[in-house]
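Here is the structure we will look at.
Proteins get letters first, then strands, A, B, ... in listed order; numbering begins at 1 in each. Computed from heavy atoms alone, side chains included, the values below leave out hydrogens, waters and symmetry copies.
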Amino acid sequence: MQIATFNVNGIKARIETVLDWLDREQPDVALLQEIKSVDEAFPRAPFEDRGYNLETHGQKGFNGVAILSKLPLEDVTRGLPGDPDDEQARWIEATVIGAQAIRICGLYLPNGNPAPGPKYDYKLGWMARLEAHARDLMASEDPVLMAGDYNIIPQDEDAARPEAWAKDALALPASREAFRRIVHLGFTEAFRARTRGTGHYSFWDYQAGAWDRNDGIRIDHVLLSPQAADLMTDCRIEAEMRGREKPSDHVPVWVTLDA
DNA sequence: ATGTCGGCATTGTGCCGA
């Protein structure tokens, strides 16, 4: 089973890019972030015509997540538990029914800039809720995958110019600590389980020729519970997508599971 | 630090978020 996470930066602006990608790469499951669309305005038809089941959790203008799946989806839930007053659309989860059932979670973690400030407080609060929910998911002992735009640079090696991000919400010590607390519940960070070293990025700013200079950061991650990690046979970043026509500022990250 | 982009409110362009 091939699963990809992809921050598309606006589904309406990116529709041709995303459809070309689906036709070429044929993921079984795709988790999309920053759809920037309400559910009623999401262009469902071209995805359903290609045989994808589609579940969205959108809002007007910002944020928004979606799950595409060629396999059946069951028990879909929307919104990260822990704060009924949180109106930002950043979490969706569903069970994908393949050779074995996998709980798949798509997330768009808050950016948090500027830090310090209320946006950073919201980020850390959201991560505390994520930790609590991840603990519950881990306790299920089912195969669980949590993937998306984490807006976290886990280590200095995950940035071309770490010094430029030292005071940014994506790399501050408190951000990294919150990410590690989640990983340390027992999750495997899929990419780093297979690839070491510098130079591996999933985001390049649109500004200042960041792609041309390979001035990137790695902020899109896949976390696997032990039961899911045991199924992983590959994980890769599709960096070449950043050089295509009308790219998102993020590229897809893929995992292959023997399921 | 800022060389860009998407969406919104809104009809020409400035603001916000990233």
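- For the pair K36(A) and F62(A), the cation-pi test (distance below 6.0 Å, angle within 45°) is failed.
- A donor atom on one side chain and an acceptor atom on the other are not found under 3.5 Å apart for D149(A) and Q33(A).
- To the nearest whole angstrom, the two P atoms, one in dT10(B) and one in dG6(B), are 22 Å apart.
- Nucleotides dG12(B) and dG7(B) have their C1' atoms positioned 16 Å apart, rounded to a whole Å.
- Using bins of under 30°, 30° to 60° and over 60° for the plane-to-plane angle, the ring pair Y150(A)/H221(A) lands in the tilted bin.
- dA1(B) and dT13(B) have their C1' atoms separated by 25 Å, with the value rounded to a whole Å.
- A donor and an acceptor atom, one from each side chain of E25(A) and W254(A), are nowhere located under 3.5 Å apart.
- In this structure, CH2 of W211(A) is placed 15 Å from P of dC5(B), rounded to the nearest angstrom.
- Using a 4.0 Å heavy-atom distance criterion, R213(A) is classed as making no nucleic acid contact.
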Strictly under 4.0 angstrom, non-hydrogen atoms only: write out the protein contact profile of nucleotides 13-18 of chain B, one letter per nucleotide from the 5' end, B, S or -.
----SS

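- Between atom CG of residue L31(A) and atom CD1 of residue I3(A) there is a gap of 7.5 Å, rounded to the nearest 0.5 Å.
- Between the side chains of D39(A) and T56(A), a donor-acceptor pair is found at a separation under 3.5 Å.
- Here K60(A) reaches the OP1 or OP2 of dA9(B): one of its side-chain N or O atoms lies under 4.0 Å away.
- A close approach under 4.0 Å does not occur between any side-chain nitrogen or oxygen of K246(A) and OP1 or OP2 of dC5(B).
- Per the geometry, CZ belonging to R242(A) stands 10 Å off C1' belonging to dC5(B), to the nearest Å.
- Backbone-only engagement by G10(A) is indicated by non-hydrogen atom pairs under 4.0 Å involving sugar-phosphate atoms exclusively.
- Look at CD1 on I35(A): it is 13 Å from C1' on dG7(B), rounded to the nearest Å.
- Each of A164(A) and S37(A) was matched to the nucleotide of DNA chain B holding its nearest heavy atom; the match closer to the 5' end belongs to A164(A).
- Atom NZ of K12(A) sits in a crowded spot, with more than 12 heavy atoms from other residues, nucleotides or ligands closer than 6.0 Å.
- The residue A208(A) sits close to a base: some heavy atom pair falls under 4.0 Å.
- Rounding to whole angstrom units, CG of residue N7(A) and P of dT4(B) are separated by 20 Å.
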